[in-house]
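Below is one structure, written out as structure tokens, with a few remarks after it.
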Amino acid sequence: MKEFELVKKIGQELSGEEVRAAAARALGVKADKVGATRVVRRSIDARQDVLYRYRIEAFREGEEVPEYTLPEYKDVHDAPEVGVIGAGPAGMFAALKLLQLGLKPVILERGKDVHRRKVDMATLSTTGVVDPDSNYCFGEGGAGAFSDGKLFTRSSKRGDIREVLYQLVRFGASEDILIDAHPHIGTDRLPVVVENIRHCIEEHGGEYHFECRVTEIIRHSGLDLSRHSGLDPESQPGYEVIAGERTFRFDRIILATGHSARDIYELFHRNEWAIEPKGFALGVRVEHPQWMINQARYHGKYQPFMPTAEYSFVTQVEGRGVFSFCMCPGGILVPAATTDKSVVLNGMSNSARNSKWANAGVVVQVEPEDVPEEYAQYGVFSVLYFQRDVERKMYMYSRSLVPRDSQGRPLEKVNLLRAPAQRMMDFCRGVVSKDLPKTSYHPGAVSAPLHELLPACVSMRLRHAFPFVGNKLIKGYYTNDALLLGVESRTSSPIRIPRDPETLEHAQLPGLYPCGEGAGYAGGIVSSALDGINCAVKAAE
């Protein structure tokens, strides 16, 4: 087998004859001695001409072509049970792995199934009323189910990425994700994929319990779980999981609750189980007209048949990273708050990426030592409360602009999730924008001094970064036609739940496996899914 590269202008067809001829040259044989060929990677190169670069594997005639074998799922109706708390990427892929290993996943999800979630999210966008258990972060599929569905990860050391991608294709994703350098599924297609995963898990004997928010985990020594686990009850600690009026009993729990489940951190702290503060990233959502990004990234050569352009960058300002995050080409902005009296934004886009806007989080790394001194009184919650207060500050500013009568009652009905916003150059100059461009953010935006509302350590670095990016990295990026909206704060968890690096168990809680973004061990759909797979393997051991 040999790998070789072919380069084609975007819009030109990659013909079979051309591939075969190139394969023959790479293998050093005549064309009729070439066996199979397959594209293993496709990437866009827009440095000069706009090109597709294909990496292709070529095999000689008669040479065996290795194929990835999809995993088989076992019938687990009567198998030992493993609790999985959370039905996001980590929880779903942990459950699929448990099926392969012959264990029964019992999934507890605080939110609703992926279709009923849509109703609550529509209400959230139009009225500003937040359901704390069903929103853009909580519910079947987790935060990833209603995002761009980006599957790019550098976390290959976590495991075989193909185990995630091939299963996503099995459940309805496009086969393009197997070869694209920056694969994505799209908000319109992800819910179907998520629902198909649930159907598979249930058909093989797994269980889902929706609207089942965990309020307590009680550890017992010698709790008789033999019916559930097949293990000696005297040798294994057991857990009672309380979810409202329901009680579940497990000897093994995969805790995959996501980066916004603050009540789980409080549960751990209340029980004196170890948690620790960790850094996260904080900033704004930046929205450009998509045509600007197309022209910038394709150097003025964009044509309608070309893929919608995306971007990413990272730089350093005074010892902290400033970087783009969760870029959504042809996307829209959505409210991602999980509690009332807070404004949080996220981005999403459909598979076609065909809206008029491009958006991305542009954020600054915030370490525990960057948090103001007054938060030290909150101990392990210092970073989390700092994050929470920035989100509340955005809400309170928006609320302050609502006209009220002498009794304090609002004179007009407005969506209180309106986002404080500022044009990019105005932000960097410290000037409140006189007007704002149109935005895809449905609750709306209000002109605000974001340069003052954001923490000083974040505002200063962003004000240095934007001109640098526009002058050095992405021509045309620094413009007053770009809108900044606050706040992008749910980049990762501000708390880590520590675990043993070998067993993946919490040090104080044998059989409990902190997992995914919520535990501080992942940063996206694929890395979360891989972490769920790894925790399932350890639970099975």
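The chain is numbered in sequence order, starting from 1.
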Spatial distance of atom CG (Leu108) from atom OG1 (Thr257) [nearest 0.5 Å] | 11.5 Å
What's the verdict on salt bridge (charged side-chain N to carboxylate O under 4.0 Å, His left out) for Lys538 and Glu505, showing C-alpha distance, side-chain angles and the deciding distance?
-> CA-CA 8 Å; Lys538 293 297 183 181; Glu505 295 169 295; over 6 Å; no
If we only count heavy atoms from C-beta on, is the Arg388 to Thr339 side-chain gap below 4.5 Å?
-> no
For the residue pair Tyr73 and Phe171, does the interplanar ring angle fall in the parallel (under 30°), tilted (30 to 60°) or perpendicular (over 60°) class?
-> parallel
Is the closest side-chain heavy-atom distance between Val383 and Glu367 below 4.5 Å?
-> no
Verdict with reasoning, Asp160 to Tyr68, per side chain to side chain donor-acceptor pair (under 3.5 Å) | CA-CA 11 Å; Asp160 190 345; Tyr68 180 78; 5.0 Å; no
The reported gap from CG in Asn135 to CG in Asp133 (rounded to nearest 0.5 angstrom) is 8.0 Å
Close side-chain approach of Arg499 to Cys535, heavy-atom, < 4.5 Å | yes
State which residues pass salt bridge (charged side-chain N to carboxylate O under 4.0 Å, His left out) with Glu64; sequence neighbours excluded, sorted by chain then number.
-> none
Side chains of His115 and Asp113: is there a donor and an acceptor less than 3.5 Å apart?
-> no
Is Phe325 close to Ser492 at the side-chain level, that is, under 4.5 Å between some pair of heavy atoms?
-> no
Close side-chain approach of Pro335 and Tyr441, heavy atoms under 4.5 Å = yes
Are side-chain heavy atoms of Pro105 and Val82 found at a separation under 4.5 Å?
-> no
Taking the side chain as every heavy atom from C-beta outward, state whether Glu216 and Leu267 have any pair of such atoms under 4.5 Å apart.
-> yes
Check whether any side-chain heavy atom of Val362 lies under 4.5 Å from a side-chain heavy atom of Val469, and answer yes or no.
-> no
Give a yes or no on whether Glu245 atom CD has more than 12 heavy-atom contacts from other residues, nucleotides or ligands under 6.0 Å away.
-> no
Between the CD atom in Glu202 and the CD atom in Glu207, the distance rounded to the nearest 0.5 Å is 9.0 Å
Exactly one of Phe268, Trp273, Tyr513, Tyr239 clears ring-ring contact (aromatic ring centres under 6.0 Å, His included) with His506, and that residue is Phe268
Is it true that the NZ or CZ of Arg252 lies under 6.0 Å from the centre of Phe250's six-membered ring and within 45 degrees of the ring axis?
-> no
Do the side chain of Glu240 and the main chain of Thr247 share a donor and acceptor less than 3.5 angstrom apart?
-> no
Roughly how far apart are Ser493 OG and Ile264 CD1, rounded to 0.5 Å?
-> 11.5 Å
Donor-acceptor side-chain pairing of Arg262 and Thr338 below 3.5 angstrom | no
Verdict with reasoning, Arg38 to Glu67, per salt bridge (charged side-chain N to carboxylate O under 4.0 Å, His left out) | CA-CA 11 Å; Arg38 62 182 175 192; Glu67 298 287 348; 3.4 Å; yes
Can we say Glu109 and Arg117 salt-bridge, meaning some charged N sits less than 4.0 Å from an Asp/Glu carboxylate O?
-> no
Gap between atom SG of Cys326 and atom CZ of Arg490 - 0.5 Å precision = 14.0 Å
Look at the aromatic rings of Tyr52 and Tyr54 and report parallel, tilted or perpendicular, splitting at 30° and 60°.
-> tilted
Centres of the Phe280 and His259 rings: under 6.0 Å?
-> no
Can you measure from CD (Gln167) to SG (Cys200) and round to the nearest 0.5 angstrom?
-> 8.0 Å
